[in-house]
Participant: 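I'd like to ask you about the structure that follows.
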Amino acid sequence: MDFLTLSDKYKTPLYVYDLDKVKNQFLNFKEAFSGRKSLICYALKANSNLSLINTLAKLDSGADCVSIGEVRRAILAGIKKYKIIFSGVGKSDEEITEALELDILFINVESEQELQRVESIAQGMGKTARISIRVNPNIDAKTHPYISTGLHENKFGVDTQTASRLYLYAKKSSFLDPIGIHFHLGSQLSDLEPISVAAQKIVEFARSLLALKIDLKFFDVGGGIGIVYEDEKTIKLYDYAQAILNALKGLDFTVICEPGRYIVGESGFLVTKVLYEKYTDKKRFIIIDGAMNDLIRPSLYGAIHKLSVYSKDKLDNTKQSIADVVGPICESGDYLAKDVLLPPLSPGDLIVFENAGAYGYSMASNYNTRRRPAEVGLENGKDRILKRREKFENMVADELRILKGDMNGFE
Ligand code: LLP
């Protein structure tokens, strides 16, 4: 990839996505489940750029959304409403109402109180809400504690006993139609065993619901399949699909998968520029124009994003030394790489971080009043802008309106 030309054209910091690879990853996923009825609902939270979602919509992707904002994005990007599912532990009344108005595939319910809210809102609208219930299988997915979700100590879903009660309640209600069952163990999973065990456990539970005449049609296995950031082992897609398909043998469910990271993670790069180099008596620092507000994963999870260096001049790799790569933000936790071996660098050289397609831009912020980066896509050998660098004027527009006396509207 010609990062030097791209950085001249679009400036830095810059996210670059290989859309051909995104498409391939999606098609591989679809192929792995082609043996039976399946719906791949791309998890928008990983990367919700409209053009990127549109690329997947053209391949008939569904969408897994976790806010009504994501549902709206999915629709704007061309995902069919009947392929959209809406999950999350804290949906507001307004979000539930809008999801019902939009008539998406189903709402994934995560608590007893939520089920009652959905029922009463549907009743008020004279509708029947299609729902699925997220079951927490209490299985340790062995991933980073911040992104593990399938244990009873996590806030997600309900235990099987509660789920049984809720399904029976929903079956009796004229305003609820329980059509699916859902679980999700966590993200960046690298071990197949917990997924297999959970799938079998939830299948067994689903069978008990079928015996109670609860007419489930969708078996939603969540997302979570990991990628290689450093040298961690990963789950082979084929093995993953087989584990789930085997657990489902003899049952006529449509499988739903909600992959995010697997689809977009490896396709994304964060391109940054070296501003300065500086030494203390303890350390060498490379200061770049990208920061934790652009890619928070290293600061937040201690995540490793491999990097490579590009220069218009020749790099002297015989003189490498250890350095921390840090951003301009006023926090010691603002680093993108620690203790990496780098050659002498000059202002203007590029440092490019890999595997930044998932949870990169989507977790970016304006911290320190920094503008979020531009996003660029590469497809069939051509580059195109997917989102322009944020403008300072847009960032402060509402505050400025208020400062000038416009106090109308509190939405
Ligand atoms: N479905 C549900 C219900 C989820 O909670 C998630 C991710 C996914 C699907 C997609 O998971 P994936 O296939 O991308 O692993 N910010 C963290 C990851 C948080 C994941 C949250 N839920 C990170 O940067 O590693």
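All ligand and atom numbering here is 1-based and tracks the order in the structure.
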Participant: Dump the intermediate steps for side chain to side chain donor-acceptor pair (under 3.5 Å) on Asp8 and Thr5, then the final yes or no.
Facilitator: CA-CA 5 Å; Asp8 274 346; Thr5 307; 5.9 Å; no
Participant: Please identify which atoms of ligand 1 are closer than 4.0 Å to at least one heavy atom of Asp64.
Facilitator: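 Result: 1 (N), 2 (C), 9 (C).
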Participant: Just which atoms of ligand 1 are under 4.0 Å from any heavy atom in Gly224?
Facilitator: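 Near Gly224, the atoms of ligand 1 are 11 (O), 12 (P), 13 (O), 15 (O).
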Participant: Evaluate Tyr301 for polar contact with ligand 1, using N/O atom pairs at a separation under 3.5 Å.
Facilitator: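 Yes - when backbone and side-chain N and O of Tyr301 are compared with those of ligand 1, one distance drops under 3.5 Å.
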Participant: Find all atoms of ligand 1 within a distance of less than 4.0 Å from any non-hydrogen atom belonging to Glu258, and give their numbers and elements.
Facilitator: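 So the answer, numbered in order with elements, is 1 (N), 2 (C), 3 (C), 8 (C), 9 (C), 10 (C), 13 (O).
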Participant: Please verify whether a non-hydrogen atom of Ala46 lies at under 4.0 Å from ligand 1.
Facilitator: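 No, Ala46 has no heavy atom closer than 4.0 Å to ligand 1.
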Participant: Can you tell me if Pro259 contacts ligand 1 (heavy atom of the residue under 4.0 Å from the ligand)?
Facilitator: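 Flag set, Pro259 near ligand 1.
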Participant: Answer with yes or no whether Phe156 contacts ligand 1, where contact means a heavy atom under 4.0 Å from a ligand atom.
Facilitator: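 The answer is no, since Phe156 has no heavy atom less than 4.0 Å from ligand 1.
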Participant: Tell me which part of Arg297 gets within contact of ligand 1: side chain, backbone, both or neither, using heavy atoms under 4.0 Å.
Facilitator: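 Side chain only.
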Participant: More than 12 heavy atoms of other residues, nucleotides or ligands under 6.0 Å from CD of Glu232: is that the case?
Facilitator: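 Buried by this count: over 12 neighbours within 6.0 Å.
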Participant: For the 3.5 Å polar cut-off, considering only N or O atoms, please tell me whether His182 and ligand 1 meet it.
Facilitator: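 Among all N and O atoms of His182, none is under 3.5 Å from an N or O of ligand 1.
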Participant: If you count the non-hydrogen atoms of other residues, nucleotides and ligands that lie under 6.0 Å from CZ in Arg388, is the total more than 12?
Facilitator: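 No, CZ of Arg388 has 12 or fewer neighbouring heavy atoms, counting only those of other groups under 6.0 Å.
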Participant: Would you find more than 12 non-hydrogen atoms of other residues, nucleotides or ligands less than 6.0 Å from Lys283 atom NZ?
Facilitator: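 Atom NZ in Lys283 is crowded, with more than 12 foreign heavy atoms closer than 6.0 Å.
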Participant: Counting each atom of ligand 1 from 1 as listed, which ones have a heavy atom of Gly260 under 4.0 Å away?
Facilitator: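 Taking each heavy atom of Gly260 in turn, ligand 1 has 12 (P), 13 (O), 14 (O) under 4.0 Å.
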Participant: Side chain of Asp349, backbone of Ser311: donor and acceptor closer than 3.5 Å?
Facilitator: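 Checking the backbone N and O of Ser311 against the side chain of Asp349, no donor-acceptor pair under 3.5 Å is found.
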Participant: Would you find a donor on one side and an acceptor on the other, under 3.5 Å apart, between the side chain of Glu390 and the backbone of Arg372?
Facilitator: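 Checking the backbone N and O of Arg372 against the side chain of Glu390, a donor-acceptor pair under 3.5 Å is found.
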Participant: Taking the cut-offs as 6.0 angstrom to the six-membered ring centre and 45 degrees off its axis, would you call Lys217 and Phe253 a cation-pi pair?
Facilitator: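 No cation-pi geometry.
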Participant: Would you say Arg134 has any N or O atom under 3.5 Å from an N or O of ligand 1, going by distance alone?
Facilitator: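 Between Arg134 and ligand 1 (N or O atoms, distance only) the closest approach is not under 3.5 Å.
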Participant: Quick check on contacts: which atoms of ligand 1 are under 4.0 angstrom from a heavy atom of Ser187?
Facilitator: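 Here the atoms of ligand 1 in question are 11 (O), 12 (P), 14 (O), 15 (O), 18 (C), 20 (C).
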Participant: Take atom CD of Gln320 as the centre, draw a 6.0 Å sphere, and report whether it contains more than 12 heavy atoms from other residues, nucleotides or ligands.
Facilitator: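 Above 12, so yes.
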Participant: Only heavy atoms of Gly223, strictly under 4.0 Å: list the atoms of ligand 1 that pass.
Facilitator: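 Matching atoms, with element in brackets: 1 (N), 9 (C), 13 (O).
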Participant: Go through the side-chain N and O atoms of His184 and Arg134 and say whether any donor and acceptor fall under 3.5 Å apart.
Facilitator: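 No.
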